[in-house]
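Structure first, commentary second.
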Amino acid sequence: MANPSANEIAIVAALRRLKRGEVVAYGEVARRAGLPGRARLVARVLAHASVDDLPWYRVLRADGRIAFAPGSAEFVEQVRRLHAEGVSVSDGRVGTALVRNSLDALLWAPPPSAG
DNA sequence: ACTCTGACCAGCC
DNA sequence: GGGCTGGCCAGAG
């Protein structure tokens with residue numbers, strides 16, 4: 001975005017803090033950015049950002065489902081990238097517990113294959 | 001200024 | 001688990 005607001009900058013920073021294998025909800029990202037209740041703004045930021053600029057695929061809906069329509073190119077790509085980080089996705093969703101307790105996800109030690 | 005829309009969410013039933 | 005409702009607020013007509 002050409003002229004990012006302070007809020008958008010905070011959201012981008014929160015997104016960049018996500019580690020491999022860590023999945024969070026849009027609302028959680030907003031929360032970490034100091035913007036509770038601004039989940040939609042997170043979605044806007046991601047929609048506007050370049051695919052390789054931010055870890056967009058680590059962001060899911062609050063119920064653990066992928067935000068894209070099942071079968072869409074974006075959906076398939078997100079599942080592919082998550083699986084590459086050791087996050088199992090079945091039926092278009094990861095465990096809701098994994099999203100709600102995203103902090104725990106860090107303790108589950110993601111596979112040390114790449115990077 | 002106003003209406004619609006949106007990679008969302010939480011509370012109810 | 002599913003369907004509705006109200007809340008959120010930035011962009012695009």
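Labels below follow one simple rule: chain letters A, B, ... track the order of the sequence lines, proteins then strands, and each chain is numbered from 1. For the numbers below, each heavy atom of this structure counts, side chains included, while hydrogens, waters and symmetry mates do not.
- Within the 4.0 Å cut-off from OP1 or OP2 of B:dG6, not a single side-chain nitrogen or oxygen of A:Arg61 is found.
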Pairs under 3.5 Å (N/O, protein and nucleotides 10-13 of chain C):
from   : atom 1 : to      : atom 2 : distance (Å)
C:dA10 : OP1    : A:Arg38 : NH2    : 3.3
C:dG11 : O4'    : A:Arg44 : NH2    : 3.1

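- Residue A:Arg40 places no side-chain N or O under 4.0 Å from the OP1 or OP2 atom of C:dC9.
- Evaluation of the side chain to side chain donor-acceptor pair (under 3.5 Å) rule for A:Arg80 yields A:Glu77 as partners, not counting sequence neighbours.
- Residues passing the side chain to side chain donor-acceptor pair (under 3.5 Å) test with A:Arg31, sequence neighbours excluded: none.
- The separation between A:Tyr26 atom OH and B:dG6 atom P is 14 Å, rounded to whole Å.
- Between the side chain of A:Glu8 and the main chain of A:Ser5, a donor-acceptor pair closer than 3.5 Å is present.
- Applying the salt bridge (charged side-chain N to carboxylate O under 4.0 Å, His left out) test to A:Asp91 and every residue at least two apart in sequence or in another chain returns nothing.
- Contacts between residues 68-80 of chain A and DNA chain B, counted as heavy-atom distances below 4.0 Å, involve A:Phe68.
- Of the possible donor and acceptor atoms, one in the side chain of A:Gln78 sits under 3.5 Å from a partner among the backbone N and O of A:Val59.
- Salt bridge annotation for A:Glu22-A:Arg32: present, with a cationic side-chain nitrogen under 4.0 angstrom from a carboxylate oxygen.
- Whole-Å rounding puts the A:Asp63 CG to B:dC9 C1' distance at 10 Å.
- The minimum heavy-atom distance between A:Phe75 and A:Phe68, with the atom names listed, is CD1-O, 3.6 Å.
- Rounded to an integer number of Å, the gap from A:Leu54 CG to B:dA7 C1' is 13 Å.
- The distance between atom CZ of A:Arg31 and atom P of C:dC8, rounded to the nearest whole Å, is 17 Å.
- Residues satisfying the salt bridge (charged side-chain N to carboxylate O under 4.0 Å, His left out) criterion with A:Arg40, sequence neighbours excluded, are absent altogether.
- Distance A:Trp56 CH2 to B:dC8 P: 14 Å, rounded to the nearest Å.
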